[in-house]
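Encoded as structure tokens, the structure appears first; notes follow it.
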Amino acid sequence: MVVFTLAGLLLSMNQAFFWNLFGVPLLTHAYLYFMLACFLSIVFIIFPATRAKPSAAGEPDEGAPAVTPLAWYDVGLFGLTIVVTLYFGSRAEEILNMGWDYAAPALGAVFSVLLWGLAVEALRRTAGSTVAVIAFLFSVYPMFSSRMPLGFLQGISHDFRTTAQIHAVGVEGILGLPLQTAASILIGFLLFGVVLLHCGGSAFFHDLAQSLLGGKRGGAAKVSVASSASMGMMSGSAVSNVLTTGPMTIPAMIKSGFSARYAAAVEATASSGGSITPPVMGTVAFLMISFIGVPYREILIAATIPAILYYVGIYLQIDAYSAKKGLRGLPKDQLPDFKPVIRSGWPYLAALVMLTTLLVVTTETQAPYWVAGALVVFGLFKKNGRLTASRLVDMVFDCGKTISEILGIIAGVGLIVGGLSMSGVTLSLARELLVLVGDNVVLMLVAGAITCFILGMGMTVSAAYVFLAIVMVPAVVEVGVDPIAAHLFVVYWAAVSYITPPVALASFAAAGIARSDPMKTSLSAMKLGAVKYVVPFGFALNPALVAQAPLPEVLMAFALSLVGVYALACAFEGWMLGLNQTLPPYLRLLAGLGGVSLIMPGVLAAALGGALLGSVLLCALLARRRGENMPPADVAETKAQEPVQPARQ
């Protein structure tokens with residue numbers, strides 16, 4: 001597996017840096033098949049067929065990878081994948097010139113069917129049976145589309161052989177835009193994330209968060225927010241993030257006075273924002289490049305303000321909750337000192353700065369490799385936790401595991417794209433959405449949010465995004481929403497399923513660590529992450545929040561939205577930050593409405609929001625002067641709210 005991973009990385013760098021090794025330039029088709037030979041094949045030896053639930057993408061292993069016996073069929077599928085993909089890769093020029101998607105030779109047709117089946121099975125092993133079934137149904141849809149009972153579902157039908165060939169060798173199936181983007185851009189960023197973690201980035205960012213925030217009110221929870229945000233940037237996986245940082249942060253929060261349920265909710269909410277946080281976002285950020293057709297740096301700039309608003313909202317809610325409950329920070333003697341932390345870990349901050357700079361001055365395909373290489377050199381020579389030979393092997397293993405899992409998902413998701421494209425129903429579905437809601441932007445966004453949330457429960461965020469980017473985003477753009485804002489809207493609402501019942505994978509994972517009730521933890525996480533439900537509507541209606549406006553307008557919208565997030569945090573927690581005053585229900589409602597208005601576009605909305613928030617502040621100040629403030633509960637009362645069970649270490 002290590003050999004295949006190294007070969008795949010070498011191939012990727014060959015394309016990114018235009019090396020043309022051995023003097024032979026690779027066609028894109030050939031490159032994609034060879035990447036599948038390296039990484040799709042090892043899916044079948046890393047993820048056993050009987051595995052009930054795949055590990056989250058990017059989850060680091062502790063120590064050397066465990067060796068598990070391989071079943072004969074796993075080895076058989078591994079070998080079959082290599083044979084099929086190398087066959088297609090060696091004939092890439094012939095496939096394109098002779099039109100194999102419609103006129104493949106007999107062996108090419110047989111191998112097309114095999115690759116179709118291998119992609120579905122790889123998707124089942126990496127993303128679960130639900131996603132695999134959905135992808136399979138979409139992949140066979142073109143065989144029956146002309147006989148569908150509803151007009152807008154009817155499309156062009158193809159026979160079984162043609163359907164398989166288009167999926168396997170066409171430009172809109174397995175080798176479609178998702179895989180092209182993943183193989184050309186995403187692999188470098190996945191490598192960067194794995195290298196950063198193995199060089200000590202995880203411990204550094206946790207220590208940095210502790211030194212900066214641990215001593216503040218509710219410091220243990222604020223540390224969780226900061227460390228989970230930084231970790232989430234690198235992994236892009238909410239569940240993986242919870243399982244990585246949760247065993248450190250959740251027990252610390254419980255020990256400092258937070259209930260087990262609230263501690264788990266904080267970790268789940270903070271972790272689920274990692275995939276929307278620049279400069280290293282989740283898989284969908286790179287898929288957006290192919291759908292929107294803009295450089296990665298534009299997506300990073302657009303995603304920055306919404307991500308800041310999300311985490312500021314969580315931070316302020318924790319601050320209000322801690323003030324209301326009288327929770328103090330961690331003792332100073334239990335916190336690392338800021339200066340030694342920075343002295344020992346400045347290369348990790350430098351790596352993020354270097355990556356951001358290179359994304360501006362060079363291409364997104366090359367930037368992560370330079371930074372990953374610099375980190376490896378640093379890891380080889382640093383004093384503590386130096387990268388030894390065994391640790392390098394472990395790092396390569398984790399890199400192969402992460403990349404193979406992502407490519408396994410992306411290749412399977414390509415079947416959804418292929419099924420919709422070859423049947424020609426994409427435009428009809430978008431057209432029906434427009435007919436259903438008319439030109440009402442708000443109704444379109446509400447319908448889109450509900451659709452994204454439902455699909456996010458049963459599919460990975462990547463799969464849900466690819467489907468909706470084809471079906472729903474064109475309709476949203478048609479009613480006047482900025483294209484980048486429309487795509488980010490889909491990403492945000494597909495990701496809320498991580499903390500929202502009934503699925504709430506991140507909340508359930510955190511509840512398992514804290515040993516709290518999963519459903520109650522999910523409800524607490526929803527309350528903490530409430531800003532995530534509001535902000536997408538804000539930037540969909542106000543493109544300045546995704547930097548799609550002149551700079552003065554962007555800055556003004558950002559400033560007003562920060563005030564709006566402050567108002568929402570006070571409303572959700574029932575506590576007026578700055579005045580240390582409880583808010584009755586009617587003032588909480590006014591504060592919430594004011595917060596939403598401040599995030600919305602337009603002078604009238606800003607004036608209304610300012611007036612509502614000003615009224616709340618005035619009423620709270622008058623109540624405080626009358627002595628109506630409720631004194632904060634002490635820590636003992638907070639602990640008594642819910643039985644705290646020992647955290648699982």
Side-chain angles (χ1 to χ4, degrees), residues 1 4 35-59 68-85 111-143 160 163-164 167-168 173-176 178-179 182-183 237-240 283-284 287 400-420 454-467 494 497-498 503 505 508-509:
M1 174 183 163
F4 277 79
M35 292 302 289
L36 289 177
C38 291
F39 292 111
L40 187 67
S41 60
I42 61 179
V43 166
F44 298 105
I45 60 175
I46 294 180
F47 302 96
T50 56
R51 186 179 184 134
K53 187 177 182 181
S55 65
E59 178 185 345
T68 54
L70 291 175
W72 63 268
Y73 44 83
D74 291 329
V75 177
L77 291 175
F78 166 76
L80 182 62
T81 304
I82 295 173
V83 170
V84 170
T85 51
F111 277 12
S112 295
V113 175
L114 291 176
L115 185 57
W116 182 5
L118 289 167
V120 173
E121 174 60 12
L123 182 62
R124 185 190 70 81
R125 295 185 183 214
T126 52
S129 299
T130 302
V131 183
V133 169
I134 293 171
F136 175 74
L137 291 177
F138 274 103
S139 70
V140 299
Y141 175 73
M143 296 167 57
F160 174 73
T163 301
H167 278 314
I174 295 172
L175 303 189
L179 185 63
S237 169
V239 178
S240 154
T283 309
V284 290
L287 297 177
K401 176 183 176 183
T402 301
I403 296 174
S404 65
E405 184 165 6
I406 294 297
L407 288 192
I409 293 172
I410 295 300
V413 167
L415 296 172
I416 299 176
V417 180
L420 291 172
I454 292 173
L455 288 177
M457 290 191 298
M459 304 169 70
T460 64
V461 175
S462 301
Y465 167 74
V466 168
F467 174 76
S497 61
Y498 280 126
V503 179
L505 293 178
F508 283 19

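Hydrogens, waters and symmetry mates are skipped; everything else that's a heavy atom, side chains included, is used. In this chain, numbering begins with 1 at the start of the sequence shown. What you are looking at is a predicted structure, and each value in this text was computed from that prediction instead of being measured.
- Proximity of the aromatic rings of Y498 and F508 is defined here by a centroid distance below 6.0 angstrom, and this criterion is not met.
- Of all non-hydrogen atoms in A135 and G412, the two that sit nearest each other are CB-O, 3.8 Å.
- In this structure, the separation between CG on L175 and CG on L36 is 6.5 Å, given to the nearest 0.5 Å.
- Note that the CG atom of L80 and the CG atom of L114 stand 5.5 Å from one another [nearest 0.5 Å].
- Applying the salt bridge (charged side-chain N to carboxylate O under 4.0 Å, His left out) rule to pairs touching residues 127-139 yields nothing, sequence neighbours excluded.
- Of the possible donor and acceptor atoms, one in the side chain of H167 sits under 3.5 Å from a partner among the backbone N and O of S139.
- Pairing each heavy atom of R125 with each of P48, the nearest pair is NH1-C, 3.7 Å.
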Checking F78 against F4 for the side-chain contact (heavy atoms from CB on, under 4.5 Å) test, could you report, in this order, the C-alpha distance in whole Å, the side-chain angles of both residues, the deciding distance, and whether it holds? CA-CA 12 Å; F78 166 76; F4 277 79; 3.7 Å; yes
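- Listed by chain and number, the residues in a side chain to side chain contact (heavy atoms under 4.5 Å, CB included) with V140 are W116, F136, M143, F144 (sequence neighbours excluded).
- Considering only residues two or more places apart in sequence or on other chains, T81 meets the side-chain hydrogen bond (donor to acceptor under 3.5 Å, both in side chains) condition with none of them.
- When all heavy atoms are compared, the tightest approach of A119 to A411 is CB-O, 4.4 Å.
- Taking each heavy atom of V417 and P178 in turn, the nearest pair found is CG2-CG, 4.1 Å.
- Applying the ring-ring contact (aromatic ring centres under 6.0 Å, His included) criterion to F111, with sequence neighbours excluded, gives Y87.
- Nearest heavy atoms, S112 versus A164: CB-O, 3.6 Å.
- No salt bridge links K401 with E405; every basic N to acidic carboxylate O contact stays at or beyond 4.0 Å.
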For side-chain contact (heavy atoms from CB on, under 4.5 Å), just list the numbers for S404 and F47, CA-CA rounded to whole Å, side-chain angles, deciding distance to a tenth of an Å, and then say yes or no. CA-CA 10 Å; S404 65; F47 302 96; 4.1 Å; yes
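- For the atom pair CD1 of I174 and OG1 of T85, the computed distance is 11.0 Å after rounding to the nearest 0.5 Å.
- L77 contributes atom CG, which lies 11.5 Å from atom CD1 of I82 (distance to the nearest 0.5 angstrom).
- Atoms CD1 and CZ, from I46 and F39 in turn, are 9.5 Å apart once rounded to the nearest 0.5 Å.
- Between G400 and I42, the shortest heavy-atom distance links the atoms O-CD1, 3.9 Å.
- Atom-to-atom distance recorded for S41:OG and M35:CE is 11.0 Å, nearest 0.5 angstrom.
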Quick one: do V113 and F160 satisfy side-chain contact (heavy atoms from CB on, under 4.5 Å)? Show the steps, please. CA-CA 9 Å; V113 175; F160 174 73; 3.8 Å; yes
V43 vs L407, test: side-chain contact (heavy atoms from CB on, under 4.5 Å). Steps then yes/no. CA-CA 9 Å; V43 166; L407 288 192; over 6 Å; no
